[in-house]
2 protein chains.
Amino acid sequence: MRDLLDHIAAKWTTLVLLALEQEPRRFNTLLRMLPDISRRMLTQSLRDLERGGFIDRTVFPTKPPAVQYALTPMGHSLMGPIRSLIGWAEANETALNAARARYDAAQA
Amino acid sequence: MRDLLDHIAAKWTTLVLLALEQEPRRFNTLLRMLPDISRRMLTQSLRDLERGGFIDRTVFPTKPPAVQYALTPMGHSLMGPIRSLIGWAEANETALNAARARYDAAQA
DNA sequence: CAGGATCCGAGCGGATACTG
DNA sequence: CAGTATCCGCTCGGATCCTG
């Protein structure tokens with residue numbers, strides 16, 4: 001459990017998974033899809049996800065080389081629970097912001 | 001969404017929520033329940049969760065003072081999605097470890 | 001008992017330059 | 001194109017001491 005949390009916790013990994021959900025993507029495509037991620041962080045996140053068996057990395061020996069990242073079956077199966085989190089977040093977004101504003105106001 | 005991820009990402013917050021799910025707890029009780037957390041990190045996590053409206057903090061003016069932390073309705077409602085993640089983690093624990101072992105072996 | 005304050009080392013993560 | 005390498009500021013987080 002701790003393990004999984006550390007993955008989700010990685011802050012970018014979940015966004016990467018979402019970017020790959022529809023179809024496999026290439027490195028620079030992902031870079032463009034995730035506006036605030038740096039090359040370095042994207043590389044790290046991809047390695048982390050690959051290590052966990054969530055994504056597959058395929059290198060095409062073209063020139064220049066192309067690298068494709070795709071969700072594994074296990075990666076896809078994780079999307080269910082993630083969707084459930086997203087649903088919650090959307091449903092409670094307003095309440096969440098309100099709670100924070102209230103708290104911050106009380107501290108001022 | 002980013003917001004929620006940052007919460008979950010806080011690495012301890014989810015564990016704190018789980019510790020509070022059954023019944024309200026006091027500070028030192030939580031400290032004992034979460035073996036590897038430091039006082040400082042527990043305080044931070046609690047503040048963060050309070051700010052987000054996930055938990056309530058109640059001070060009893062006894063001597064010495066007692067402070068109780070309890071899930072709010074919103075906090076409880078988040079447990080559903082979290083349970084779904086936990087279920088996934090339990091179901092895929094073996095596959096996850098295997099994937100990691102495989103990856104690490106390939107790198108060696 | 002519940003925590004704030006302070007100090008400090010380790011690592012996260014960005015920017016830039018370089019490679020196959 | 002898809003990275004790696006290096007430098008470096010900054011925050012995370014532990015340890016310790018102090019308070020109401």
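Quick note on labels: first sequence line is chain A, next is B, and so on, each numbered from 1.
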What N/O pairs connect the protein and nucleotides 4-10 of chain D at under 3.5 Å? Give each pair on its own line.
from	atom 1	to	atom 2	distance (Å)
D:dT6	O4	A:Arg40	NH1	3.2

Original post:
B:Arg26 and B:Pro65: which non-hydrogen atoms are nearest, and at how many Å?
Top reply: NH2-O, 4.1 Å
**OP:** Provide the full list of salt bridge (charged side-chain N to carboxylate O under 4.0 Å, His left out) pairs with a residue in residues 66-78 of chain B, sequence neighbours left out, each pair given once.
**Re:** none
**OP:** Kindly state each residue pair satisfying salt bridge (charged side-chain N to carboxylate O under 4.0 Å, His left out) with at least one member in residues 70-92 of chain A, sequence neighbours excluded.
**Re:** A:Glu21-A:Arg83
Original post:
Within less than 4.0 Å of OP1 or OP2 of D:dC1, is there a side-chain N or O belonging to A:Tyr69?
Top reply: no
**OP:** Tell me which residues in residues 15-36 of chain B put a heavy atom below 4.0 Å from DNA chain D, sorted by number, or none.
**Re:** none
Subject >> Nucleotide C:dC1, atom P - distance to CD of B:Gln68 in whole Å >> reply: 16 Å
Original post:
Which whole-number value in Å describes the distance from A:Gln44 CD to D:dA2 P?
Top reply: 18 Å
**OP:** Evaluate the side chain to side chain contact (heavy atoms under 4.5 Å, CB included) criterion for residues B:Arg47 and B:Gln44: first the C-alpha distance (whole Å), next the side-chain angles of each, then the deciding distance (0.1 Å), finally the verdict.
**Re:** CA-CA 5 Å; B:Arg47 289 287 172 281; B:Gln44 275 192 26; 5.8 Å; no
Subject >> Distance, rounded to the nearest Å, where B:Leu46 contributes CG and C:dG3 contributes P >> reply: 7 Å
Original post:
For B:Trp12 and D:dC12, what is the distance between atoms CH2 and P respectively, to the nearest whole Å?
Top reply: 16 Å
Subject >> Five-pair end axes of the helix from C:dC1-D:dG20 to C:dG20-D:dC1 and the angle they enclose, rounded to 10° >> reply: 50°
**OP:** Tell me which of A:Ser38 and A:Pro65 sits closer to the 5' end of DNA chain C, going by the nucleotide each one is nearest to.
**Re:** A:Ser38
Subject >> Closest approach of A:Leu15 to A:Leu34 (non-hydrogen atoms, all atoms of both residues) >> reply: O-CD1, 4.3 Å
Subject >> Distance, rounded to the nearest Å, where B:Leu42 contributes CG and C:dC1 contributes P >> reply: 14 Å
**OP:** Grab the two heavy atoms, one from B:Leu46 and one from B:Ile55, that are nearest each other, plus how far apart they are.
**Re:** O-CD1, 3.5 Å
Original post:
Residues from residues 52-64 of chain A sitting under 4.0 Å of DNA chain D, heavy atoms only?
Top reply: A:Arg57, A:Pro64
Subject >> Side chain proximity check, B:Val16 to B:Leu20, heavy atoms < 4.5 angstrom >> reply: yes
Original post:
How long is the line joining CE of A:Met41 and P of C:dC12, in whole Å?
Top reply: 8 Å
**OP:** Ignoring hydrogens and angles, state whether a donor on the side chain of A:Tyr69 or A:Arg57 is under 3.5 Å from an acceptor on the partner side chain.
**Re:** yes
